[in-house]
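If you read the sequence from its start, that first residue is 1, and numbering goes on from there. Whatever order the structure lists ligands and atoms in, that order sets their numbers, starting from 1.
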Amino acid sequence: MDIRYLKGVGEKNAHYLNLLGIKTVEDAIYYFPRDYEDRQSIKKIKDLKDGEIATLIVEVALINGTKKTQSGKRLTSVVFKDDTGYITGIWFNQPYMKKTFKVGEKVLLYGKINRRYAELQIVDPKYEKNYQESLEVGENILPLYPLNKYMTQKNLRKIIKNALDKKEDVVQEILPQKLLRDYKLLDIYTAIENIHFPESKYMLDKSIYRLKFEELFILQLGLQYFKKSISSDLTAYPIQLSDKLKDLKEALPFELTNAQSRAVREILLDMKKNKPMNRLVQGDVGSGKTVIAAIAMFNCAMAGYQAAMLAPTEILAEQHYHSVKSLLDRFGLNIELITGSTSKKQKEKILEALLNGEIDIIIGTHALLQENVEFKNLALVVTDEQHRFGVRQRSSLISKGHNPHVLVMTATPIPRTLALFLYGDMDISIINELPKGRQKIDTYFVRSTMRERVYNFIKKEVEEGKQAYIVCPLVEESEKIEAISAEEAYEYLVNNIFNGNTNMAAILHGKMSNEEKEFIMQNYKDGKIKVLVSTTVVEVGVNVPNATVMVVENAERFGLAQLHQLRGRVGRGNLKSYCILISDATNKESIERLNIMTKTNDGFVISEKDLELRGTGELFGLRQHGLPDLKIADILKDIEILKTTKDLAKKIIEENIIDNEEFIPLKNKINFLFKEKIDTATFN
Ligand code: ADP
Ligand code: MG
């Protein structure tokens, strides 16, 4: 029903409501308060404490008028009283407030109490005149809605009250009765009534719970329902455990950590099934994910199938190629690399060998995704650093196989809660343990006046046989951006620290040709170059365990997750490592970010802080993932409800309970919300 036709609305209000996004009566009902005024306890003036938020019923005693403050604001003050004392209401830059009140009038005030010297003030209070006759008589907790300048709280409350009178016509209970009972949920009508006009704090909490539950439940149900309809009858190549796995394990240069072994076991068991695996391996930087992928690909290849691994950058693809090759070489597998810089001739050879099955394992960048890349029997797709890829890119590789098993690897920056949520029913292996012998990376935040000392520290480490990175936000000097460039840092390092010896350091950046990049990376890995001065091309995945110092110039220009990834380039072996963040930031948020880095090495903590600082909405737009927006639930805070609803959804889908009659409304709802919008690739 169009909001225009609701009692008390009319054309003009309808227009204003539309501006708030309220077009129908249902929209109004689902226009939830952003906060509440708790008027349960109306205070006496003599009992007020400094700093508290209070509701008062007072009489206008004196209208002081408006004067200018020292800082140039216009301050309007009105004195109020009750039978216990006086209090001054203060408004800034709202001179009309003095005309708002009449001496002797009774007013309800709600706001923050300030005690200044002997005077009690209530600053910028909400007020309500003739409160006794107002709509809210007898109600203690009042909704505060997000507003625009055309709409007042009072007006909107009235409209929403009227909308609620129509709730039975426009809102349907979609949760089955049994479920309401089992999970002690309010029915939908009680919940929406109470979220706007709560009978009590208790009922408000119950309402919020019910609505969050519904929202997250629908989301989980939708994710899992469509996932099932896509994959339930998909059959994959079941891959038996190779008896060579033992030999491989013995040939590894190290012993797997418990967490790695667990992940490997989970993966191998998944791949044994004739249902495609869909697993996320989540482990902090340096936790050793590559070897897990290598083992999975090995097992696949030994069974006679092909495996492909997708990496986000050329440097990383190259590195994976070398490490996988060195781990698996002795088993006579054919392992190849394909990137943007693979020569045309070489590429043609690879394409042919992929098609006729001569290649067992292929590692590559986006070049793998091209249409002309075809496989004989692709049975496993591994994506490294998956947050660097769009869903479509991943699914385009997957579509090259016959329902291949899918393994996705990520070093955060997805907090647990979000992973639960985004990856709906994806199975997750968490690597919560670093290889033995790793030392804590010491992190410092210093000003640029310390640069010389920092660079001299690099020199000292180099003299001890170790290596370092210096990461700069820019390649070359820029007039627009005030930040040190890689070229400037390189010049400074060579001339002032290494006495002009250019053999010690090299620049690496994204604009270089692939051959150049590869050449420099190789020399750095071989220890011929001691200091790599680079842009963020080394951000993900790069693995040189001999590097012990990571210096980040203009560190304020990087996000938390990015800084954590950069820091993860050191401390990858047993050597004590250091991360030094150089920044002259004065901005409070930047400083906070850099301080967080000095306090924790835990990627999960960091990504959670990152979300706190930046807000979930902005960082992970749900729409971007093809999912409906959340109105009331918060995926970071509502983890308990998220878990409950995820398990419930799983059960309902797996046991086909969703097809029962009492679930029809819910099924319709998820069809409506998801069917068109969902990008099926989200599930892969
Ligand atoms: P990430 O999880 O960041 O991708 P990598 O797979 O690149 O980490 O591994 C980081 C380094 O740790 C590599 O040099 C790798 O050889 C080493 N490594 C991996 N697993 C172990 C282990 N169990 N014991 C010792 N070193 C390991
Ligand atoms: Mg990695």
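- For N546 and Q467, the side-chain atoms include at least one donor-acceptor pair closer than 3.5 Å.
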Please report the C-alpha distance between Q260 and N258 in whole Å, then the side-chain angles of each, then the deciding distance to 0.1 Å, and finally whether the side-chain hydrogen bond (donor to acceptor under 3.5 Å, both in side chains) criterion is met. CA-CA 5 Å; Q260 283 173 318; N258 289 331; over 6 Å; no
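- In this structure, ligand 1 sits under 4.0 Å from heavy atoms belonging to F254, E255, L256, T257, Q260, D284, V285, G286, S287, G288, K289, T290, P435, R438, N543, P545, R572.
- Under the 4.0 Å criterion applied to side-chain N and carboxylate O atoms, R451 and E553 are assigned as salt-bridge partners.
- Ion pairing between E266 and R279 holds under the 4.0 Å rule for side-chain N and carboxylate O.
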Evaluate the side-chain contact (heavy atoms from CB on, under 4.5 Å) criterion for residues F558 and L581: first the C-alpha distance (whole Å), next the side-chain angles of each, then the deciding distance (0.1 Å), finally the verdict. CA-CA 10 Å; F558 300 96; L581 308 170; over 6 Å; no
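- Classification of the Y578-F457 ring pair by plane angle, with boundaries at 30° and 60°, yields perpendicular.
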